[in-house]
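Everything on this sheet refers to the single structure shown next.
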Amino acid sequence: MPPRRRAQFTQENIDQQLQQIHLLDPSSSSENLEQLGPIIKQIHSNRQQEAYLRTIQGLIESKDAEIEKICIDNYQDFISSVSTLFTVKSYTDKMKETIASLDTSVAQLGGGLVDKKRNLLQTKKTAANLDEAIDTLQACLRVLDVVNRVSEMVKEGKYWSALRSLEDIQSMPPTSISQTPFFQHLLSSLPSLRAQIKGAVTASMKQWLLEIRTVSAEVGKLAVESMESRTRYWRNRREKDPLLRMSRVGSAVELVTYEKNEFDVLNNDKLKVDFKPLFECIHIYDTLGSLEELRNSYQADRKVLHFLPFCASLVPCLLPSQAQSDLILPTPLPLSSLPAFTQEITGFFIIETHVLETTGTFRSWRNVEELWDVVISHLTIGIDNALKSENDPELFLRVKENLATFVMALEASTYSTTSLQTFILSLFERYVKLLEVYFGKRFETIIRQDDNQPLFTDKEAELQAVLDVVWISETERNELKKYVNSTDLPWSTPTEVDSTPLPQALPWSQSFYLCCQEIRSFIQKFYAFVEGVSRHHRDIDDLLSKSLDNLFIKSISETIVQRLATTTTVPQIAQLVTNAEHFETACQELERALTSLRSTQRGGLIRLSASKSFDVTLSRSIKRLTGLINSKLDQSFEFSMYNWTPQKRESTPNMQLDELIGWLTTVVDSLAIKEQYKDEAYKAAFEYIAETLMNCLAGRDIDLINENAISNILIDVDYLEDALKRIGRSHLATVFIELRSTVSIPLNNAVQEFLVPANRQSSYPVVKQRRLQALLEKLARYGASQRDATSRELGERRRKESEAVGRLYPDRR
């Protein structure tokens with residue numbers, strides 16, 4: 001196989017290839033250096049070809065002879081070959097020149113390309129370094145951006161996001177910057193950034209606490225208004241539904257109703273309390289492991305002068321050391337500021353209750369309870385001191401109403417209100433004493449200013465209004481209603497009846513009506529204080545009983561007794577008798593009415609002992625009435641002016657007795673009192689007459705008496721007994737039994753019979769030995785004073801009989 005001939009490249013071929021090379025492609029962003037490779041290889045081949053030609057040339061020259069010989073031998077061929085060789089040589093020389101020129105150009109071009117390549121490689125290396133640096137810087141910038149955004153988030157209040165960002169930085173996976181001083185410095189600054197977040201969230205919570213302090217009063221005001229509205233609503237429901245009368249605000253039945261329309265004082269149309277700052281602060285502190293620090297700080301902050309804005313106006317001279325102590329209140333507490341203060345306390349503890357319910361174990365319930373006890377202690381002490389110098393029961397009532405609303409507003413929050421309830425009851429006792437003083441003066445004034453005349457009514461509405469106020473027996477009430485359209489009044493005399501279809505006068509006077517009215521007012525004010533107090537019903541009932549007894553006994557009954565002493569007219573005293581009787585009945589009726597009222601409120605029985613006092617007053621009134629009648633009798637008929645030693649016996653009674661009986665019946669029958677008391681008045685009058693006659697016979701005023709006078713006395717007694725029969729009171733004749741029995745002994749000469757014990761007990765049980773002895777002594781003195789022997793003998797006998805009677809009971813002399 002002949003050797004493979006190397007490819008031949010003519011100058012034209014090379015020029016053509018060079019023209020096809022485009023080192024800089026306008027459409028390309030990079031240099032087109034790859035096309036130079038094949039050309040350079042071709043040039044290198046041409047160089048080898050040149051060397052080969054030179055070798056050939058040497059061989060040609062060395063063998064010219066041979067060639068010449070050969071040429072000669074092969075002249076034509078040789079000529080042809082030489083011609084060809086010359087042609088080749090010319091081409092070769094030209095090629096050499098071209099190659100040399102191209103080599104120079106290539107060398108120049110290659111050097112530039114090498115420089116460019118070197119520069120390009122350096123640029124790429126620099127670009128790679130720059131990329132790495134950029135990546136590193138970008139990583140640092142991202143971290144710095146996170147740090148920068150932490151500050152911005154803190155300013156925007158996004159504390160949790162800021163803290164999470166710091167956590168993300170600390171928990172980043174290892175990167176190219178993880179070991180750099182920059183990153184290490186950044187990690188060392190994270191605690192200060194956390195402290196910054198902690199400080200910012202703490203400042204936010206402090207600001208929130210300040211806002212909460214200013215809004216506590218509004219929260220409390222809304223809670224109080226809500227409770228007042230709730231109380232009014234439930235009161236209306238109780239009045240409409242008898243089954244609900246035993247259920248108060250806060251009972252199970254009421255709570256079921258209230259839950260349907262429950263009012264959230266922390267989130268409503270008027271007020272919205274945002275607890276987010278506190279919750280966020282708790283969350284941040286918990287994440288940082290400093291929750292106990294926040295808890296202590298919060299508790300200390302809420303414990304220190306919770307109501308400082310309010311107290312500052314009351315206590316402008318608080319010392320700095322005091323500002324760090326527990327709640328300080330002015331003593332005494334200005335009662336005009338009590339509603340605002342209790343509203344602020346209410347708002348404070350409502351907020352604390354919400355914090356307790358929504359923050360888990362963050363807030364200590366025991367700590368809040370201790371705080372509650374301290375506040376209530378200071379509050380009650382301040383109120384107590386403020387009320388020490390107060391005598392207005394209305395002020396006590398306003399304080400109680402404020403405290404009762406305060407208690408009801410916080411009872412739902414499970415705070416213990418026992419101490420407040422006890423304090424309210426202590427205020428209640430003082431309030432009742434003030435009521436007693438106030439109404440006691442009212443009762444005394446009413447009774448002293450009463451004209452002691454029957455109360456007049458001329459309209460049915462007026463009568464009904466009076467009957468709605470007074471406490472009287474059901475029988476009397478029915479009688480009054482029955483006689484509304486009748487003039488036949490059981491207590492009226494014929495002179496009191498006119499054509500009016502209504503009674504002109506009621507049994508009692510104005511004082512009884514006004515006192516009943518005031519008693520109702522007292523009871524209303526009494527129960528107004530205990531409304532809302534859910535404990536100690538028995539104590540309240542006992543206190544009401546004692547108070548009413550004090551008012552009835554000291555202010556009414558005793559005042560009536562005092563009025564009796566200054567009243568000198570029989571009709572007025574008779575009216576006092578009727579009033580006392582009605583007050584006694586009123587006590588009994590009021591006791592039943594109050595017991596019925598308390599049974600609907602789970603109370604006990606109410607017992608009034610004042611009726612006994614009115615019973616005594618009634619007795620005194622009757623005695624005063626009878627005493628006044630007796631004094632009038634004594635003034636109109638002087639029994640001591642009788643002729644006690646007449647010379648003869650009379651056959652007719654003393655004419656003055658007829659006048660006396662006429663006056664007595666006119667006075668007593670005209671009295672507007674019950675027949676029972678009229679009967680007692682008659683009895684007392686006739687007892688007084690009998691006793692007066694008996695005192696004349698056996699007393700010391702009359703020294704001498706004869707049998708004729710005694711006989712005349714018996715005639716007068718017969719007349720008086722007949723008068724009793726005429727007025728239908730014959731049963732009162734028993735008042736003369738002692739008088740008749742006593743005077744019958746000397747008139748019938750029955751002294752010896754009297755001396756026999758059996759006869760004395762059977763026939764003369766009412767005769768008093770001393771009176772009989774005194775009568776016998778007066779008869780004896782009369783006989784001794786006479787001159788005739790018969791009279792003197794009779795007088796001596798009476799003396800001996802007197803001594804015999806005196807010896808019956810020597811120890812009684």
For this session: Sequence neighbours left out, what passes salt bridge (charged side-chain N to carboxylate O under 4.0 Å, His left out) with Asp269? Give chain and number order.
Result: none
Problem set entry | Glu344 and Arg213: CA distance, side-chain angles, deciding distance, side-chain contact (heavy atoms from CB on, under 4.5 Å) verdict | CA-CA 9 Å; Glu344 192 156 356; Arg213 285 179 179 174; 5.7 Å; no
Problem set entry | Ser101 side chain vs Glu97 backbone, donor-acceptor pair below 3.5 Å | no
Problem set entry | Counterpart residues, side-chain contact (heavy atoms from CB on, under 4.5 Å), relative to Gln122 (two or more places apart) | Thr126
For this session: Can you measure from OG1 (Thr418) to CD1 (Ile376) and round to the nearest 0.5 angstrom?
Result: 11.0 Å
For this session: Check whether any side-chain heavy atom of Lys276 lies under 4.5 Å from a side-chain heavy atom of Ser204, and answer yes or no.
Result: no
Seminar exercise, completed: Between the CG atom in Leu278 and the CD1 atom in Ile351, the distance rounded to the nearest 0.5 Å is 10.5 Å
For this session: Could I get the full list of ring pair (Phe, Tyr, Trp, His ring centres under 6.0 Å) partners for Trp208, not counting sequence neighbours?
Result: Phe275
Problem set entry | Sub-4.5 Å side-chain heavy-atom contact between Leu371 and Glu352 | no
Problem set entry | Backbone of Thr342 reached by a side-chain donor or acceptor of Thr346 within 3.5 Å | yes
Problem set entry | Which residues share a side-chain contact (heavy atoms from CB on, under 4.5 Å) with Val224, sequence neighbours left out | Glu228, Gln343, Thr405
Exercise. Would you call Glu292 and Arg295 a salt bridge, using N to O less than 4.0 angstrom?
Worked result: yes
Problem set entry | Atom pair CG (Leu338) and CG (Leu379), whose distance is rounded to the nearest 0.5 Å | 6.5 Å
Exercise. Should we count NZ of Lys270 as having more than 12 external heavy atoms under 6.0 Å?
Worked result: no
Exercise. Residues two or more places apart in sequence or in another chain: which of them pass side-chain contact (heavy atoms from CB on, under 4.5 Å) with Ser290?
Worked result: Lys198, Tyr285, Leu288, Glu293
Exercise. Roughly how far apart are Leu271 CG and Glu218 CD, rounded to 0.5 Å?
Worked result: 6.0 Å
Exercise. Residues two or more places apart in sequence or in another chain: which of them pass salt bridge (charged side-chain N to carboxylate O under 4.0 Å, His left out) with Glu280?
Worked result: none
Problem set entry | Phe362 side chain near Asp286 side chain, heavy-atom distance below 4.5 Å | no
Exercise. Any idea which heavy atoms bring Leu356 and Ser364 closest together, and the distance?
Worked result: CD2-C, 4.0 Å
Exercise. From Glu401 CD over to Leu403 CG, what is the distance, rounded to the nearest 0.5 angstrom?
Worked result: 10.5 Å
Problem set entry | Donor-acceptor pair, side chain of Thr353 and main chain of Phe349, under 3.5 angstrom | yes
For this session: Check whether any side-chain heavy atom of Ile282 lies under 4.5 Å from a side-chain heavy atom of Tyr298, and answer yes or no.
Result: no
For this session: Mind telling me whether Tyr415 and Trp372 have parallel, tilted or perpendicular rings, with 30° and 60° as the class edges?
Result: parallel
For this session: Rounded to the nearest 0.5 Å, what's the gap from NE2 on His378 to CG on Asp373? Could you check?
Result: 12.0 Å
For this session: Please tell me if the side chains of Cys281 and Leu294 come closer than 4.5 Å, counting only heavy atoms from C-beta onward.
Result: yes
Problem set entry | Considering all heavy atoms, the nearest Val265-Val219 contact | CG2-CG1, 4.1 Å
For this session: Taking the side chain as every heavy atom from C-beta outward, state whether His283 and Val201 have any pair of such atoms under 4.5 Å apart.
Result: no
